[in-house]
S.K.: 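To start, I am sharing the structure in question, which I have written as structure tokens.
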Amino acid sequence: MRPHDSIIKIKGIGEKTAQTFGRAGIFTVEELLQYFPRGYEEFKAPQPIASLKESGPAVVCGALAGDARVRRVGRMQIVDAVIRDESGSLKATWFNMLYLRNALQAGRRYVLKGKLAISRFGTVLEQPILYTPENYAGMVGRMQPIYSLCAGLTGRMIGKAVQEALQALPELPEYLPAGLRRRYQLAEYNYALRTIHFPPDATELAFARRRLVFDEFFLFILAVRYLRDTNEKQPNGCRIRPAAKAERFLESLPFTMTGAQRRTYEEICADLCGPKLMNRLVQGDVGSGKTIVALLALLQMALNGWQGVLMAPTEVLARQHYETAAHFLENGGLSLRIELLTGSMTAKEKRLAYERIADHRADLIIGTHAVIQDKVRFARLGLVITDEQHRFGVRQRETLIAKGQESAQAPPHVLVMSATPIPRTLAIILYGDLDISVIDEKPANRLPIKNCVIGGERRKKAYEFLAGQVKEGRQAYVICPMVEESGQIEGENVKDYAQKLTQELPPSVTIGTLHGRMKPAEKNRVMEEFAGGRLQVLVSTTVVEVGVDVPNATVMLIENAERFGLAQLHQLRGRIGRGAHQSYCIFINGSEASKIKRLEILNRTNDGFEIASEDLKLRGPGDLFGLRQSGLLDFTLGDIYTDAGILKEAAQAAEYILAEDYRLEKEENQPLKKKFASSMDRKLEKLSL
């Protein structure tokens, strides 16, 4: 068996099972082994019931005191039972699991593993998994991998397939030079691959994970360095002169640009008029006004006879950018032609849009991934802007650049925008091929968001406040860390939470749900309903982190806030505070009280860059079992905040290797050269820049 073989070569996987794996993007043996666990379930020894003092994961062992009972709350059927050990008793609750009423036997001993909720209404073990004491005893001390799943795919199927693959596959070649591994104390590759899936303990897991995270960062940074060197050699083939009409348009805007916006705009103009091609990142906090700066850059190009394209990560956001640009152009008296291009348009609408773009009857093109389709031909493309650029792959960006070369025989300028606050030390590493502009001021008319960190016992008060805001005509987001209930990781989830809210809020309140497993068209529909005011409360996972502006949304309630990094919480908070009304963010701490101190930083400041720096200080290595702290760059394992130390080491290693052997021609670097070439071909489409 070889890494690039189809997974059908793995024992126990046939055509039908292979199709199921394919839905998760797993087609080859290597892709299976690179499908790392998203977490691990630890099996700890049961605790005496009397010793349970804090909310969070808990394991108890005792006898069932009496029969289980069923009660109905709205559409939910709730099974209640009481478990008793030598130290005391505890209520256990299951939602919509009616079969347990007959399965649970009074007087029988069970081990229950679930989430302990402590409030003024009492202490409850929620949705616990049941084990016999004998079965559980054999699992104590083990770390069970937890994989991301899709329809038809179970964790057991993945685990078994990984075991079979590791047994049948010969040792994979070690591609990092021995000297580099010694310098940074990195595990051997095959050991790391085995251990990340089946760790004997947390110490060995940390050692294995460190190697694999280093690899991700190291290969990525090598690619960034090569891109930087290529970019530095590119002359400006799309050179322009400052257009007076752009300045007059600027004066027509209904607001005054901040100093940071003006400074960034001037840096962009200097690039567009200068001798070298622009490759610039505009990094601005949520609500700092990056969009108007991007629009001004597009205007400068269009007024000089070039086309410019802005690519957004979602259709809803693309449409919003289009409407904003059209409104400003009309008010500014500019007759430039603007085109919207998205995947949901009809075939006829797309064909007509293609014709207008190819004939230069469109000056500004705004869209989604649809703008890089083969059928799109530009007449004279001079500027490419990607919004929330870490959502796009390197190959996608290169495709747009290639389209510019087709139309104008010169690569276009590139401007990438991000609202993700990253400390400058890390930004220089991650965006090493780009010049960086920072918009570090907020518009003066924005009201600061009021923040509050509370424990789970005050949740009902939060619901009352949310209902009051809705009654006043406002809207609210509720963020949960999971899509649906999992017995393996504690945390509120979108589907059950939305059901609970229907009981807590007045019947007149309309509630919608949004999560990453929904189809794009369905996600767009829900966001449009929320943006249009037809939904008053949106229960969502972090997919709203990059979303449409809803100025009427004034409440952001984040459940299990302790499970997110501070920078990500700040990103989520940025969905509100965009209108004229006062906005409020409520962080509910669902775990131990000690973690509230970390969340208090969000109470102290609304400055994303300060929060990112604090996050960097607080997030130490070894936090392996929670949710990822940031989705930035979409690394498989690595997280730039939690793993900032590894990121810096990988950058040092890349600079050292390239300084000694830029083309990786030394014998000791041949395996690395082969791995890097493979990575450029396959992985950089997933790693985003």
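All values below were derived from every heavy atom in this structure, side-chain atoms included, with hydrogens, water molecules and symmetry-related copies excluded. All figures in this text were calculated on a predicted structure; none of them were measured in a lab.
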S.K.: Would a distance-only check, ignoring hydrogens and angles, find a side-chain to backbone donor-acceptor pair under 3.5 Å from Arg101 to Met97?
M.R.: no
S.K.: Between Glu126 and Thr93, is any side-chain donor less than 3.5 angstrom from a side-chain acceptor?
M.R.: no
S.K.: For Arg84, is the CZ atom crowded, meaning more than 12 foreign heavy atoms sit under 6.0 Å from it?
M.R.: no
S.K.: How far does OG1 of Thr542 sit from CD1 of Ile558, to the nearest 0.5 angstrom?
M.R.: 10.0 Å
S.K.: We want to know whether Asp285 and His570 form a side-chain donor-acceptor pair, criterion being a heavy-atom distance below 3.5 angstrom.
M.R.: yes
S.K.: Hey, are Arg525 and Glu529 close enough for a salt bridge, meaning a charged N less than 4.0 Å from a carboxylate O?
M.R.: yes
S.K.: Are a donor atom and an acceptor atom from the side chains of Asn451 and Arg604 found within less than 3.5 Å of each other?
M.R.: no
S.K.: When the aromatic ring centroids of Phe36 and Tyr147 are compared, is their separation below 6.0 Å?
M.R.: no
S.K.: Which residues pass the salt bridge (charged side-chain N to carboxylate O under 4.0 Å, His left out) test with Glu504, not counting sequence neighbours?
M.R.: Lys460
S.K.: Evaluate the side-chain hydrogen bond (donor to acceptor under 3.5 Å, both in side chains) criterion for residues Asn96 and Gln77: first the C-alpha distance (whole Å), next the side-chain angles of each, then the deciding distance (0.1 Å), finally the verdict.
M.R.: CA-CA 5 Å; Asn96 293 326; Gln77 292 177 318; over 6 Å; no
S.K.: Whether Asp643 and Arg209 form a salt bridge (side-chain N of Lys/Arg under 4.0 Å from carboxylate O of Asp/Glu) is what I want to check.
M.R.: yes
S.K.: Flag yes if more than 12 heavy atoms outside Arg263 fall under 6.0 Å of its CZ atom; otherwise flag no.
M.R.: yes
S.K.: State whether the number of non-hydrogen atoms from other residues, nucleotides or ligands found under 6.0 Å of Gln503 atom CD is greater than 12.
M.R.: yes
S.K.: Backbone N or O of Gln536 within a donor-acceptor pair of the Thr510 side chain at under 3.5 Å?
M.R.: yes
S.K.: Give the intermediate values and the outcome of side chain to side chain contact (heavy atoms under 4.5 Å, CB included) for residues Lys461 and Glu464.
M.R.: CA-CA 5 Å; Lys461 279 284 184 186; Glu464 291 171 2; 3.7 Å; yes
S.K.: Determine, step by step, whether Val59 and Leu112 satisfy the side chain to side chain contact (heavy atoms under 4.5 Å, CB included) criterion, reporting the C-alpha distance in whole Å, the side-chain angles of both residues, the deciding distance to 0.1 Å, and the verdict.
M.R.: CA-CA 6 Å; Val59 183; Leu112 279 70; over 6 Å; no
S.K.: Within the supplied structure, the quantity of interest is the number of heavy atoms (other residues, nucleotides, ligands) at a distance under 6.0 Å from Arg474 CZ; does it exceed 12?
M.R.: yes
S.K.: Check Arg459 with Glu559, please: is the shortest side-chain N to carboxylate O separation under 4.0 Å?
M.R.: yes
S.K.: Do Gln47 side-chain atoms and Leu52 backbone N/O form a donor-acceptor pair below 3.5 Å?
M.R.: no
S.K.: Show your working on side-chain hydrogen bond (donor to acceptor under 3.5 Å, both in side chains) between Asn606 and Arg573 and close with a plain yes or no.
M.R.: CA-CA 9 Å; Asn606 285 314; Arg573 177 170 61 181; 3.2 Å; yes
S.K.: Let me see the working for Leu602 and Phe587 under side chain to side chain contact (heavy atoms under 4.5 Å, CB included), right down to the final yes or no.
M.R.: CA-CA 9 Å; Leu602 295 161; Phe587 303 99; 3.7 Å; yes
S.K.: Find out whether the Lys NZ or Arg CZ of Lys113 is both under 6.0 angstrom from the six-membered ring centre of Phe43 and within 45° of the ring's axis.
M.R.: yes
S.K.: With side-chain hydrogen bond (donor to acceptor under 3.5 Å, both in side chains) as the criterion, how do Asp85 and Ser87 come out once you've worked through the C-alpha distance, each side chain's angles and the decisive distance to 0.1 Å?
M.R.: CA-CA 6 Å; Asp85 67 8; Ser87 69; 2.9 Å; yes
S.K.: What about the rings of Phe465 and Tyr584, do their centers lie closer together than 6.0 Å?
M.R.: yes
S.K.: Run the side-chain hydrogen bond (donor to acceptor under 3.5 Å, both in side chains) test on Ser418 and Gln283 for me, step by step, so that the C-alpha distance in whole Å, both residues' side-chain angles and the decisive distance to 0.1 Å come before the verdict.
M.R.: CA-CA 5 Å; Ser418 176; Gln283 190 183 12; 5.9 Å; no
S.K.: Does Asp80 come within less than 4.0 Å of Arg69, counting only side-chain N to carboxylate O?
M.R.: no
